[in-house]
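Here the structure is laid out as structure tokens; the discussion comes afterwards.
Quick caveat, the model's predicted, so the values are computed rather than measured.
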Amino acid sequence: MMNTSRRTFLQASMVAGAAGAFTLPAAFAQSRASGEAALPARLTQEWDKTFPKSENVDHEKVTFGNRYGITLAADLYQPKHRGEARLPAIVLSGPFGAVKEQSSGLYAQTLAERGFVTLAFDPSFTGESGGAVRDTASPEIFTEDFSAAVDFIGLLPSVDRNRIGVMAVCGLSGMAITAASSDSRIKAVATASMYDMSRSMSRGYKDSYTLEQRHKVIDYLSQQRWVDAQNGAFARGYHEVPFDEQGNIVKSSRLFPDTLAPDADPVVVSFYNYYCKPRGFHPRSINSTRAWTATTPMPFFSFPMMANISMVSPRPLMLVAGEKAHSLYYSQDVYKAASNPKELVIVPGADHVDLYDRADKIPFDRLDAFFKANLK
């Protein structure tokens, strides 16, 4: 049976398209080719974000450690005219496979313009953060990274540590919610284009994996560990494992090809047009240049992130999703499972990726009001 996940759509799109059809620009293709580079020796200091720098915000590159001893890199944004009073703060990350120079940084800077101290960080093993092996993911460590960020921001002299919230975009949303379920210092949680990566990786898009397919994925990941151990290197692969029409697992060392077929699925095109075009491309982003390590899905089969979602209450939860988003069902299902207070904000006409960077569609006024009301 053919899996209908968006990665299956991607696989189908990898058939060479017609010339000029969604072609990756040459300069970006060169950056992608060198995307296997290890952690930078030092943090970049130039402005290398995918969005313009605000004149109303002070920006600083910072580092801090998590409880596993991994050093995380982050961008700290503070209102330029902040006075002496301690301010509410928001910790941000996501999407899954993105870097702080992309969507989470845009959210962080915009919310800093509105009076919050914000911190957008790269999760462990990604971007400018430390950790080996590079470009691997751990649901537990990524969850811990949010709490580590709370450690850091709560010690800043400009921050009221009793007024800290978290926000995440896409695949880091599940980790943000999970962090709040066990860290009471987090007073409010908001998500945008929420994705539950445990559910996505272990069950497929809209839970489309059959039991046989789930076992096949587990067998593939298990055998891949021996291959990696024998080779002394970690192969790359899709983090949401697709199947072809013959029921075989599809493998690739890159999330997106250089070109998409003219009839590529619209969901794939929307991701491609963000990560692989000037709009959102960044050379440190996994999604822009390569793929995760092939065994990345393994721990997500055994780490159900929404298991303790009721523990977030009585702290408030806001879920923002696009009306036309293929991922809308994640926010709807989490909203049903969560206890009050909770709010589901559906943005008319918006798809999943629109909420990454489309300022005309991202409901910043609603987010501003939510955090100001709940970080009093």
Between S124 and N66, does the side-chain hydrogen bond (donor to acceptor under 3.5 Å, both in side chains) criterion hold? Intermediate values first, please. CA-CA 9 Å; S124 296; N66 67 17; 3.3 Å; yes
Starting at OG1 of T50, measure out to NZ of K100 and round the result to the nearest 0.5 Å. 12.0 Å
Quick check on the 6.0 Å ring-centre criterion: do Y205 and Y329 meet it? yes
For A108 against T118, the heavy-atom pair lying closest together: O-OG1, 2.8 Å
Mind checking whether H59 and W47 have parallel, tilted or perpendicular rings, split at 30° and 60°? perpendicular
Please determine if K324 and D351 form a salt bridge, counting it only when a charged side-chain N lies under 4.0 Å from a carboxylate O. no
Measure the OH-CZ distance between Y330 and R199 for me, rounded to the nearest 0.5 Å. 6.0 Å
Could you check whether atom CZ of R161 has more than 12 heavy atoms from other residues, nucleotides or ligands sitting under 6.0 Å from it? no
May I have the step-by-step check of ring-ring contact (aromatic ring centres under 6.0 Å, His included) for F271 and H326, ending in yes or no? CA-CA 12 Å; F271 280 110; H326 71 282; 5.6 Å; yes
Can you tell me how far CZ of R134 sits from OG1 of T136, rounded to the nearest 0.5 angstrom? 10.5 Å
Would you say R185 and D151 make side-chain contact, with heavy atoms under 4.5 Å? yes
Is the closest basic N to carboxylate O distance between E46 and K53 below 4.0 Å? no
So OG of S331 and CG of L317: to nearest 0.5 Å the spacing works out to 9.0 Å
Any sub-3.5 Å donor-acceptor pair from S193's side-chain atoms to H352's backbone N or O? yes
Cut-off 3.5 Å, side chains only: do S313 and K342 have a donor facing an acceptor? no
M305 CE to F142 CZ distance, which is reported to the nearest 0.5 Å: 10.5 Å
Checking side-chain hydrogen bond (donor to acceptor under 3.5 Å, both in side chains) for the pair T293/T296: CA distance, chi angles, key distance, verdict? CA-CA 6 Å; T293 54; T296 285; 2.8 Å; yes
One thing to verify: whether R236 and D135 come together as a salt bridge, which I'm taking to mean a side-chain N less than 4.0 angstrom from a carboxylate O. yes
How many angstroms lie between atom OH of Y220 and atom CZ of F243, to the nearest 0.5 angstrom? 10.5 Å
Using the benzene-type ring in the case of Trp, are the ring centres of F121 and F146 under 6.0 Å apart? yes
Are I362 and F370 connected into the same hydrophobic cluster when the rule is that any two of I, L, V, M, F, W, Y join if their side-chain heavy atoms are below 4.5 Å apart? yes
State whether the side chain of K372 and the backbone N or O of R114 hold a donor-acceptor pair below 3.5 Å, judged by distance alone. yes
Is S288 reaching over with its side chain to a backbone N or O of Y275, donor-acceptor style, under 3.5 angstrom? yes
Residues which pass salt bridge (charged side-chain N to carboxylate O under 4.0 Å, His left out) with E113, listed by chain and number, not counting sequence neighbours: none
Are H239 and F300 close enough that their ring centers fall under 6.0 Å? no
